[in-house]
Each structure stands twice: as C-alpha cells, then as structure tokens.
Amino acid sequence: MNGQGSKALLAAVIFMGVLLVAGSLVLVGVLVHRISHPRPNVAPVGASPAAAVLAAPPSGDYGNLVLDEPAGTHIAGLARQADTLLAISLSGGGPDRIVLWDLPHGRIVGRVRLTP
C-alpha cells in the first residue's frame, strides 16, 4: 500500500505543478496582451469618475442644451458616461441637484434633487 500511496501523491503533485505552469502562462499572456493593446479613455485606478470623463473630448455636434433652472444656478461639475449621458451637477438657486442629459437625443432624461 505504501508504494501505491506514493504513486498517487506523486501524480497529484505533478498535476498541480502542471496547473501552476499553465496558470502562470495564461497570466503572462493576459498581461502581454493588455500592455500591447491598451484601452483608450480608461481612468487610472483610484481616479474619480470625472477624471475619466475629462480625458475624452466631446465628439459630434449635440446642439444646445437649455436648462430651465432658477436664477443664481451655476454648474458645479460635469461627468460624462460613454458618449451617451452627461450628468450636470447644479448648485445655487435652490437645493443642489443633478440633471441627466441624453446626448444623442438632446434631451433631459432625469433629475436628482439633493436635499440637506
């Protein structure tokens, strides 16, 4: 029994070694592929969502957006998502709020009011 147990243990060790080598090769292959084919407009790890938005210049003519907001309102920030949605953070003229603008259709699709 000692000889058969040793053979099973040896087979298990060899199998795990093959898995480790295969996994390492896959990991190196993925790293080489990602380094040689970088994705554009991706924010670095730990960057704010606005940093990713500001890295991509606007493309296309989306026309004019008219916001019906009270006097004293000013834009506090912008965040763009995948060339289809623009989140506009507004303050002043009432409670702070966020307006969601659908870029391709040139219309406001949602509003979020931030109450204190």
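The shown structure was predicted, so the numbers you read here are calculated from the model rather than taken from an experiment. When reading the values below, keep in mind they use all heavy atoms of this one structure, side chains included, and skip hydrogens, waters and symmetry mates.
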Practice problem: May I ask you to test the Leu103-Thr84 pair for a side-chain heavy-atom distance under 4.5 Å? | Solution: no

Quiz item: Does Ile75 reach the side chain of Leu90, with side-chain heavy atoms less than 4.5 Å apart?
Solution: yes

Self-check item: Exam field: side chain His33 to backbone Gly29, donor-acceptor pair closer than 3.5 Å
Solution: no

Practice problem: May I ask whether Val112 and Val109 are part of the same hydrophobic cluster, defined by side-chain heavy atoms of I, L, V, M, F, W, Y residues being less than 4.5 angstrom apart, directly or through others? | Solution: yes

Exercise. Give me the other members of the hydrophobic cluster that Met16 sits in, counting Ile, Leu, Val, Met, Phe, Trp and Tyr linked by side-chain heavy atoms under 4.5 Å, directly or via other members.
Key: none

Practice problem: Would you give the length of the straight line joining atom CG of Leu86 to atom CD1 of Ile108, rounded to the nearest 0.5 angstrom? | Solution: 10.5 Å

Quiz prompt | Rounded distance [0.5 Å steps], CG in Leu78 versus CH2 in Trp101 | solution = 10.0 Å

Do any side-chain atoms of residues 92-100 form donor-acceptor pairs under 3.5 angstrom with protein atoms, and if so which ones, sequence neighbours left out?
residue : atom : partner : partner atom : Å
Arg97   : NE   : Glu69   : OE1          : 2.7
Arg97   : NH1  : Gly92   : O            : 3.2
Arg97   : NH1  : Pro95   : O            : 2.6
Arg97   : NH2  : Glu69   : OE1          : 3.2
Arg97   : NH2  : Thr73   : OG1          : 2.7
Arg97   : NH2  : Gly92   : O            : 3.1

